[in-house]
Amino acid sequence: MAGNQSPDNQPNKSNLEEIRATRIDKIGQIKELGLNPYTYKWEISHHAQELQEKYANLASGEEVADTVSIAGRIIARRVFGKLAFFELQDETGKIQLYLEKKKINNNMSDLVGAFNHLKKLSDTGDILGVKGSLKRTEKGELSVYVSEYAILTKSLLPLPDKWHGLTDTEKRYRQRYVDLIVNPQVRQTFRYRAQITAGIRRYLETRDFLEIETPVLQSEAGGAEARPFVTYHNTLEMDLYLRIATELHLKRLIVGGFEKVFELGRIFRNEGISTRHNPEFTSIEVYQAYADYNDMMVLTENLISTVTQEVVGTTKVNYQGTEIDLTPPWRRVTMHEIVKDATGIDFAQFDDFATAKSAAQDAGIEIPEDCQTIGKLLNEAFEQKVEENLIQPTFIIDYPLEISPLAKPHRSKPGLVERFELFVVGRETANSFSELTDPLDQRARLEAQAAKKAAGDVEANDVDEDFLAALEYGMPPTAGLGIGIDRLVMLLTDAPSIRDVIAFPLLKSQSVAIKSFDYDSQQEILKIEFKNGSIYKYFDVPESIYEELKVAPSVGKYFNSKIRDKFGCDREI
RNA sequence: GGGAACGUAGCUCAAUUAGGCAGAGCAAGUGACUCUUAAUCACUCGGUUGUGGGUUCGAUUCCCACCGUUCUCACCA
């Protein structure tokens, strides 16, 4: 019974492959016992957190007869001869399992040696279901006093260090599932994120806003200045763009007669990646007919502070060591005023660009090539001297017209539009305007954009004629609002990087490691052996490709660009 | 795209200053153990030091290229 076999059957190694092999061997042993290592169902009566709360007052050493059934992942094992303590983690938290040989064997008489099988065949990482009563151990740890168990899913790969966890940033992002298993605060971040988006939707829906989905694939990518992703529809034989904003379609819905619409969804911009930018990100755009940007400021304050109160429990949040007070009302200041405060320059006083430019230069503002109007100069001054200092929530209002092609001219300030942006912790977090409803004015502005595109500006758009047609049917006075959801979630979850609030952020694909390759010139087959041991055959590969591969400075880079996904292939091993 | 830093066992980290046998803890394996909770004790296994070159008697360490990550600048939200 002790099973002391000859020493030749266990290689006794412990690198990853051997750990995996050992666990696969345990799968066989589980099956030999007539059990399934990948079961179908487990009836759960409670979650860990629920039990911790319900039995918080159970005294050390006490037991209660209540039977419970829970399931989760084994994250720690402390095994004695006839007794074992496991830590089980479910979505809500952790609870200890008190596993006693006598009790388990008595209750699981159908499985001879049930306790020993658990000891031998389970590993940290396995998904386990248990039934039992509640007991607080003599040392004070609330535990499920297990009478019955089942290994629900056998895990083949070892978990990261139980004490240090997983800290390697790259692995955390690439293998988020592991990150989620071992870092409870990461689960909490995504729980918050879900609550925030749900809270936003609830807030708007109770105020009679309708969420209407608009196309992600568009023949014109408009509504913002950004470089789009391009894709191709085979049957229609046309290029399509992934949307860079939801604006132009939501406005069509306003034309159609809806008075309050919004869409919370994914936007795609083919631009740089940073701690504040991901190529796909989530925005919400809200449009309300018969309202203006003043109404949107109130909506923004109330929406964000309400959701923050609901999710975080307060409207004062700590972001990277700074307390951010989201209690409304928020500071409102015009762009002209705040730039004047920061630089001493009143850009409203200038009549000609040259004077304004020299004043700006004197104030230490760097002026890029394409900055050739007073409005753009003002915006440069704002971005360089003001933006990063706007820590507490601040509405910057009344923007220059030339940087706001979809906004309505200001009702009393020439050259400006009725627009605001919300800044928190130095970041643009929301953008809103009284929407431009004049189709002729809109056409002129879009045509100016199209001219920029024709001149080579990759962020400018062509004229969306259908959108202009919609405006020509007549759009009621409307205010629009866009909020960057990822940045809002960062703020509310104290996340330093946007990647911390995106479950699966975009990373570069890891390079293929090629061990060797050879070529059959008769059949035009290129055979490539990878370092992970797999061998692929690529078909119909011209000899020239093979010759180039041989002399390529980086085999992996050449493979990625010229061979991978370009030729048909079969996996041999 | 530019700049800086980093990449060592499944995980967390040493060794690099000044080139000289790559080392721990956790995890894993075997055995003991009925109150542990980073369990303990004994024994054991685990490495092409990101990849490819170069310098050298000798490279984890120095040099070059490449791959990837992080931060940052640019672009942008």
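Throughout, protein chains are lettered first and strands after them, A, B, ... in sequence-line order, and every chain is numbered starting at 1.
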Please list, one pair per line, the donor and acceptor atoms closer than 3.5 Å that link side chains of residues 492-499 of chain A to other protein atoms, with sequence neighbours excluded.
residue	atom	partner	partner atom	Å
Thr493(A)	OG1	Val489(A)	O	2.7
Asp494(A)	OD1	Gln320(A)	N	2.5
Asp494(A)	OD1	Gln320(A)	NE2	2.9
Ser497(A)	OG	Arg499(A)	N	3.1

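A search for side-chain contact (heavy atoms from CB on, under 4.5 Å) contacts involving Gln372(A) returns nothing, not counting sequence neighbours. In this view, Glu387(A) satisfies the side-chain hydrogen bond (donor to acceptor under 3.5 Å, both in side chains) rule with no residue, not counting sequence neighbours. Considering only residues two or more places apart in sequence or on other chains, Phe395(A) meets the ring-ring contact (aromatic ring centres under 6.0 Å, His included) condition with Trp330(A), Phe420(A). Taking the ring-ring contact (aromatic ring centres under 6.0 Å, His included) definition, one finds that Phe423(A) meets it with Phe382(A), sequence neighbours left out. The side-chain hydrogen bond (donor to acceptor under 3.5 Å, both in side chains) check on Thr300(A) picks up nothing, with sequence neighbours excluded. Residues forming a side-chain hydrogen bond (donor to acceptor under 3.5 Å, both in side chains) with Asp168(A) (at least two apart in sequence, or on another chain): none. In this structure, Tyr293(A) has no ring-ring contact (aromatic ring centres under 6.0 Å, His included) partners at least two apart in sequence or on a different chain. With sequence neighbours left out, the side-chain contact (heavy atoms from CB on, under 4.5 Å) criterion links Ala71(A) to Trp42(A), Ile44(A), Leu152(A).
Dashed line: the shortest gap from a side-chain N or O of Lys120(A) to OP1 or OP2 of rG31(B) is under 4.0 Å.
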Tabulated below should be each protein N or O lying under 3.5 Å from an N or O of nucleotides 70-75 of chain B; please produce it.
residue	atom	partner	partner atom	Å
rU70(B)	OP1	Arg499(A)	NH1	2.0
rU70(B)	OP2	Arg499(A)	NH1	2.7
rU72(B)	OP2	Thr275(A)	OG1	3.4
rC75(B)	O2'	Glu459(A)	OE2	2.8
rC75(B)	O2	Gly272(A)	N	3.4

Show the distances under 3.5 angstrom between N or O atoms of the protein and N or O atoms of nucleotides 22-25 of chain B.
residue	atom	partner	partner atom	Å
rG25(B)	N2	Asp161(A)	OD2	2.6

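Among the heavy atoms of the strands, none lies under 4.0 Å from Lys101(A). Asn278(A) comes within contact range of at least one nucleobase, with a heavy-atom separation under 4.0 Å. Among the protein residues, Asp168(A) comes within range of the sugar-phosphate backbone only, with heavy atoms under 4.0 Å from sugar or phosphate atoms but none that close to a base. Among the atoms of the strands shown, base atoms are found under 4.0 Å from some heavy atom of Glu141(A). Across all strands, Lys135(A) comes closer than 4.0 Å to base atoms (heavy-atom distances). Gly165(A) comes within 4.0 angstrom of the backbone, heavy atoms only, and of no base.
What separates CZ of Arg77(A) from C1' of rG29(B) is a distance of 12 Å, to the nearest Å. Between Arg427(A) atom CZ and rA77(B) atom P there is a gap of 15 Å when expressed in whole angstrom units. For the pair Leu506(A) CG and rG68(B) P, the computed distance is 12 Å after rounding to whole Å. Atom CZ of Arg174(A) is separated from atom C1' of rC67(B) by 10 Å (rounded to the nearest Å). Between the P atom of rU37(B) and the CH2 atom of Trp163(A) lies a distance of 12 Å, rounded to the nearest Å. When the P atom of rG29(B) is taken as reference, atom CZ of Arg20(A) falls 16 Å away, rounded to whole Å. Here the P atom of nucleotide rU48(B) and the CG atom of Asn15(A) are 9 Å apart, to the nearest Å. Atoms CD (Glu18(A)) and P (rG47(B)) sit 9 Å apart, rounded to a whole Å.
Comparing Lys26(A) and Lys171(A) by the nucleotide of RNA chain B whose heavy atom lies nearest to each, the residue mapping closer to the 5' end is Lys171(A). Between Val79(A) and Gln96(A), the residue anchored nearer the 5' end of RNA chain B, judged by the nucleotide with its closest heavy atom, is Gln96(A).
For the residue pair Gln49(A)/Thr92(A), the side-chain donor-acceptor check at 3.5 Å is not satisfied. A side-chain donor-acceptor contact under 3.5 Å links Thr246(A) and Glu285(A). Judged by distance alone, the side chains of Glu100(A) and Tyr145(A) do bring a donor and an acceptor atom under 3.5 Å apart.
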**Request:** Taking Watson-Crick and G-U wobble pairs with both distances under 3.5 Å, convert RNA chain B into its dot-bracket string, 5' to 3', dots for unpaired and | for cross-strand pairs.
**Result:** (((((((..((((......[..)))).(((((.......))))).....(((((..]....))))))))))))....
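The side chain of Leu16(A) sits closest to rG10(B) out of rU34(B), rG29(B), rG10(B). Distances from the side chain of Pro158(A) to the nucleotides rG10(B), rA28(B), rC33(B) place rG10(B) closest.
Remark: Arg176(A) fails to qualify as a cation-pi partner of Phe504(A) under the 6.0 Å distance and 45° angle criteria applied to the six-membered ring.
Separating the C1' atom of rA28(B) from that of rG10(B) is a span of 9 Å, rounded to the nearest Å.
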